[in-house]
Every structure is written in C-alpha cells, then in structure tokens.
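Report on one structure; see the data block that follows.
Being a predicted model, the structure only gives us computed values, none of them experimental. Lettering of chains follows the sequences in order, A, B, ..., and the numbering in each one begins at 1.
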2 protein chains.
Amino acid sequence: MSKSVSKAARATSSPSSKARPQPEAQPQHPAEGLSIAQVAEQAGVSVATVSRVLNGHENVRPATRDKVLAAVDASGYRVNELARNLRTAESRLLLTMVPDVGNPFYAEIVRGIDSVARQHGYFMLLCDTGADPGRERSYFDLLRRRRADGAICLDPATIQQALGEASSALPWVACCEFDPEMGVPYVGIDNYKAAGDAVRHLLARGHQRIGLINSDVDYLYARQRQQGYLDALTEAGITPDERWRMNLNSLDYEAGASAAALLVQQPHAPSAIFAVSDTLAIGVIHGLRSVGKRVPDDVAVVGFDDISLAAQVDPPLTTIAQPMRELGETAARLLLQRLANPLANVPGVLLPHRLVIRRSA
Amino acid sequence: MSKSVSKAARATSSPSSKARPQPEAQPQHPAEGLSIAQVAEQAGVSVATVSRVLNGHENVRPATRDKVLAAVDASGYRVNELARNLRTAESRLLLTMVPDVGNPFYAEIVRGIDSVARQHGYFMLLCDTGADPGRERSYFDLLRRRRADGAICLDPATIQQALGEASSALPWVACCEFDPEMGVPYVGIDNYKAAGDAVRHLLARGHQRIGLINSDVDYLYARQRQQGYLDALTEAGITPDERWRMNLNSLDYEAGASAAALLVQQPHAPSAIFAVSDTLAIGVIHGLRSVGKRVPDDVAVVGFDDISLAAQVDPPLTTIAQPMRELGETAARLLLQRLANPLANVPGVLLPHRLVIRRSA
DNA sequence: GTGAAAGCGCTAACAG
DNA sequence: CTGTTAGCGCTTTCAC
C-alpha cells in the first residue's frame, strides 16, 4: 500500500492532484516540444533537480525549488509522461472494458471503479467492446504492451475464457462476469439465488406459468439465472415448459418488447415474465402493452439490476437490485491489490442482492 | 491521409490489426520484461531488423522475416508501446470526454467516434467527467502530457471555456457543446431552430401554455433551446410566462419527474411541456402520472434527442431526433483532420435534426 | 543539496 | 538487405 500512497503523491501525475494549482495567468508558450532540459536551463539547475522538484522529493533547497517552479510555470511545461512511464515502467492507467456503454447498468459500476481509481492516483479509461472477442483482445493488448497498468473486464465469461490461458497472468480482474476456474480475481453476485428469489416472488403472488426472457448464453449470469429459475420452479412442483423460455442476443428495449409479444401470444402463455435485465423488462412492458396486455393485471413482470429508470416506468418495475456502485468499487480495489502485490492470490467475492418490490409484479 | 494509412497498417499497433494472427499454442514465456534486444538475439539478427519486421517494412528478406516472426511467437514478445510512443512521439490514443456515461444520449455518439477512430488505427478511450471542471482539466492534462494524441469533448461549453486560452492550441474538437468563438473545431446541431420546431409542433396542436423543463445553463444547448422556445412563443403572439420555465442541474429521470409535478400543480399550469432531453421527458411523464395527469390528454410532452428508449415508454415520446451516430463520426473525422494537419483550420459543422411525432404530443 | 551520466525499449538515420 | 548507433525525455544511482 505504501507504494500506492507515495505514487499518488506525485504532484504532476495524480488525477486528484491538487499539490500545485495552476497559476491564474496562462503560460506564454503553449508548450509544444518543451523538455525538462529546457526548464532546467531556464532555471539554472540540472535536469535531475527539476525532476526531483516535479516529483516532490524532499531533498531540494526551498530556494532552488522555487526557482524551478517559477521556470515551470513561466514556460507552461508539462512532463512528458511517455518518457516518465518508460522510465518507471508504469502508466498509472486502468482500463475498464464493458460490452455496451449504452446499457445504464454499467454506468454506475463504472463510477464506482472510477472513484476508487482516482483516489489511488490512477486514471480510469473506458473501453466499449461491443462484446466482440476481437475488440476485447485488442484492448487486452494495451495491457500487454504496457499502455495500461491493469484492467477490469465486464465482458461475457465466454469471451474472457477465449482470451486464453496466457492472459490470466496479466493484471486484470473480472466484474459481474467471471469464471471461478480461471484463477482471475472477481466480484459479482449470486445470480443463481437472485433468480430464484425473483421467481419465488412471482410464485408467492400466485403465478404458475412463469416465462423467462434471458440474454445470450455467452453470459455466465444468463446460465446461472436460468438454472435458478428452473430450480425454483421445480422446487415449487412446477414442470418448466420450454416454450416459456427465450434467449436474446441483445439487451435492448426493442428485443425485450418483441420477445414478450411473442411469448404471450402462444397457447398456455405465461401469466408472469422474469426478464434478466431491467432494460429487457422495460421493453417487455412495452411489448405487452402493444398487444393489449396490462401489467401487472394480465401479465406480471420482474426485472433485474434496478437501474434508476426502473422506478420511473409505468408501472414501476419490481426487480432484483444489484449493488452496482459496490461492485465497481470492489473490482477496483481487487485490481489495485493485485497490482500492489502481483503474487498474492486475490479472492473472488460475492456481494448481496436484494428484491425490490414495486408495482409490475 | 497517407500518414494515417501507413500507420494503420502497423501490424502490432492498429486496433483493427489482423495482419499477424496469434498462433493457436500460447507462447511459453508470459513475456514479463522481454525486450526487442532479446528477440533479436534469439533470432540471430539485429534489433533494427526486428523493428523493421514488427513495423511491416518491406525491405526485409522473407527468410529473415520468418526467423524474426518465429522468435517473436516463441517468446510471446509484445512491443513496449511506451518506448515506441516516446520514440515516435505519438500514442495513437484518442480520448472522449462525456459529462455522464450513464446518459444514453452519449452512448450512440461514442459509438460513432469509436468506429471512425478504429478505422484509422486509433484506440478511443472514454472519460467520464461528471461535468466537473477539475476532472475535465485532469483529462486534458493527459493530452498535454502526450498520453493521448487528441480528444473529443462533449462537456458543457462553459467548462470548455474554463479550460483557458492555452488549451485551444491542444489537438481537440468539440461535439454537441461548443463555443464558435473559441476557434476549436466543432460539430453539433441547430439547437435554436430545433427547439423552435418542438414548440411550433405543440402550438399547432393547439397548446397556448407551454412549459419548458431545461437543464443547467452551463450548457450552450440549454441557452439556445430556451431562446428558440421563447422566440417561437413570441412569434405566435404568446407572452412567455416565467413560471412555465424551470432549470434543472441534472438530466436524471427523477429530476424531470419532480419538476413536472411542481410545474403542473400551479395556477395557470401549462397544458404542454417541452423537456430538453428525453431522459428528462421520460421523468416528466412519470411525474405527471404521479399527480394524476394523463399524457397527452391532460398534458402533452415533447422531448429531445430520440434515444432508443423514447419509443418504448408509454406513451411513446414525441421528440426531436439528433443524428447521434453522425455527430460522433463527424467529430472523429474533424479530430483526425486536425491531427493530420495541425495548421489547417477545421470548420465547425451543423448537422440536421428532425421532429419525430409519436403519441406523447 | 546538486550535478553528471547511464539507460528504460524503441525507431530511424546512416553505413556497409 | 542488414547492422551500428544516436537519441526520444525522463528518473535515478553515484559522485561531489
């Protein structure tokens, strides 16, 4: 930890750095190819001294320090981090890979990651992979090529596995999606139990025919939630009907809408639908309405995630809440741990979920 | 342009690189501190030759090339881009700064940027600024410190201006939010006219008392849309009432909901509401419903942006569509132009908007 | 407390 | 076609 702290104190590189505020007046020279040598010359000291001042080392005489600082401010000099990073062999950059930045579920997680990262003097940059293995790989290459110090991956477990064995040696952690067997640190929730909770809620409301609108089976959570759904039904003495289940390759509203319309227009249609994401569930509500079904009177629906929108739609969505912020924060902390001590074996952690009952079911 | 093309062809650094697929078998050594020198030794050639092969230069004998490639694959070597970038003085990284990654409006724009960027051999990385000037600054510092080659900023114009004069020399462009006076290339829409279109639609539907739920005036678009709203009303012979207008410091659904509830519960309440973003408008619909108003019968609502959700809510939202994808693509192209030719003065461009009539108004 | 100098890993002249 | 070499701008011993 002491490493992180000392690095975070670097006056010129920490995201949260307030060590040396900018002067009000803008510097004269917009600083194109300014190097430390020129600042040194201007200050009448050696490059070593400038470097020491820039990095907040203590062993510099105050007068000297002031001379240097003056020269820096006057010239508008900014350290070239490419050079610094080459020398120190670290970039202080963290990458977060998400399958779809447009999905509000990820936004809150990303904020959690970001806040922990900057507290520790790291920048967090977001990568939209579109759940495409090729793009995923190319972002991992940023890691291999030392352009980032670490990464957090929220992509489907299947894609993570496709990265190959060699990648597990890279400094990254998995968030929400993970394969416990891979030996990569992870954080997530108990999807199996959460899905069971959703279904049991529906059961308690008297529903017997419960549909499942699921996402792509590339996602670990899709497989786990399906199993939770299946087992909850079976435990209640109900034989799951295959026609009640659908797998979608998109979490978009439209996908949920058309799936729902299909689902309820068949014989023995479900009287309730469990959708594995709120975006899907909102689409489902819309789809049901478009075929003349009322929610929850004709068909009940429960979603998953508890994105902020869930409370705003009509009717407000009953859903399983994930601790999104904490998921992100935990992921960031795991990664930081792994960076601080590459050999320590970092644990997998599961965070609690919660059933939020609103009006849709 | 030829520069971009030749760079994009670099076998080891282009995001879209497919030049030399990885072998099926994973390399033996996970490649911690492997350098080009060791590869050179292993291949029995000089570092220069390895470098040439890695960069796809033509003047290498096939046999030599194969030897090098074999050594690379065997060792699992990856180029250290920190070193390469220091040497070539470019990072091939583009930054996109958005005020809120959770707002779906930005997601599609970001995709547009990303697709153009990777077509040209650049990586695009997303930064969530939270519309905070401090964070904005720190991301711009990434630029100053050569960790990224260019940036696209979607933050409020006010924040852009606060960056100071010196920043306009930096390689960035503005998207959606911009100040034409700053001399920074930009792309956006005609917000004044678009707002007018929205209001005129409401007018045509017979509404006389039209409310405006606006965002923070830090946003240029907020000021422009307000003016469009005001002028459209005036032109119709209606004197705008101050009590019809609200400014919110958030685009969240909740913010729209509570604002709407307030707005329609006063005397002479509006019979229609124009909200400057779809997220706000969706909140508005929810807020109206919570106080017992039906949309559009009691109060009509028009939004702005046409995010995918707009068609899914009940009632489907009448809104002004922005060409989000094109906005992003254009921004990326402007930036690329600016990078290719730092001296050329890149124009500001305005893209067309479109009124989409659904059921909410 | 400060400076001189080595070298991080790479690319690009320049020779041969 | 291939090798030798000089830096890119910075941090960090090691002297003084």
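Distance CG (B:L54) to C1' (C:dT11): 11 Å, rounded to an integer number of Å. A straight line from CZ of B:R145 to P of D:dC10 spans 12 Å, rounded to a whole angstrom. In this structure, CG of A:D66 is placed 15 Å from P of C:dG1, rounded to the nearest angstrom. At whole-Å resolution of the value, CG in B:N85 and P in C:dA12 are 12 Å apart.
Judged purely by atom type and a 3.5 angstrom limit, B:D114 has no side-chain atom pairing as donor or acceptor with the backbone of B:V110. Here the side chain of A:Q160 pairs a donor or acceptor atom with the backbone of A:E177 at under 3.5 angstrom.
Residues satisfying the side chain to side chain contact (heavy atoms under 4.5 Å, CB included) criterion with B:R87, sequence neighbours excluded, are absent altogether. For A:Q161, the side-chain hydrogen bond (donor to acceptor under 3.5 Å, both in side chains) partners are A:D179, not counting sequence neighbours.
Applying the ring pair (Phe, Tyr, Trp, His ring centres under 6.0 Å) definition to pairs two or more places apart or across chains, those involving residues 131-162 of chain A are A:Y139-B:F123, A:F140-A:W172. Counting only residues at least two apart or on different chains, no ring pair (Phe, Tyr, Trp, His ring centres under 6.0 Å) pair has a member in residues 147-168 of chain A.
For the pair B:T96 and B:L94, the minimum side-chain heavy-atom distance is 4.5 Å or more.
Ranked by how close their nearest DNA chain C nucleotide is to the 5' end, A:N59 and B:H57 are led by A:N59.
Where the helix from C:dG1-D:dC16 to C:dG16-D:dC1 starts and where it ends, the local axes point in directions that differ by 40°; five pairs per end, rounded to 10°.
Under the 4.0 Å criterion applied to side-chain N and carboxylate O atoms, A:D100 and B:R111 are assigned as salt-bridge partners.
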Completion exercise
Once base and sugar-phosphate atoms are separated, protein heavy atoms under 4.0 Å mark nucleotides 4-10 of chain C, 5' to 3', with B, S and - as B-BBBBB
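For A:T64, a side-chain nitrogen or oxygen approaches OP1 or OP2 of C:dT2 to under 4.0 Å. For the pair B:T49 and D:dT2, the criterion of a side-chain N or O lying under 4.0 Å from OP1 or OP2 is not met.
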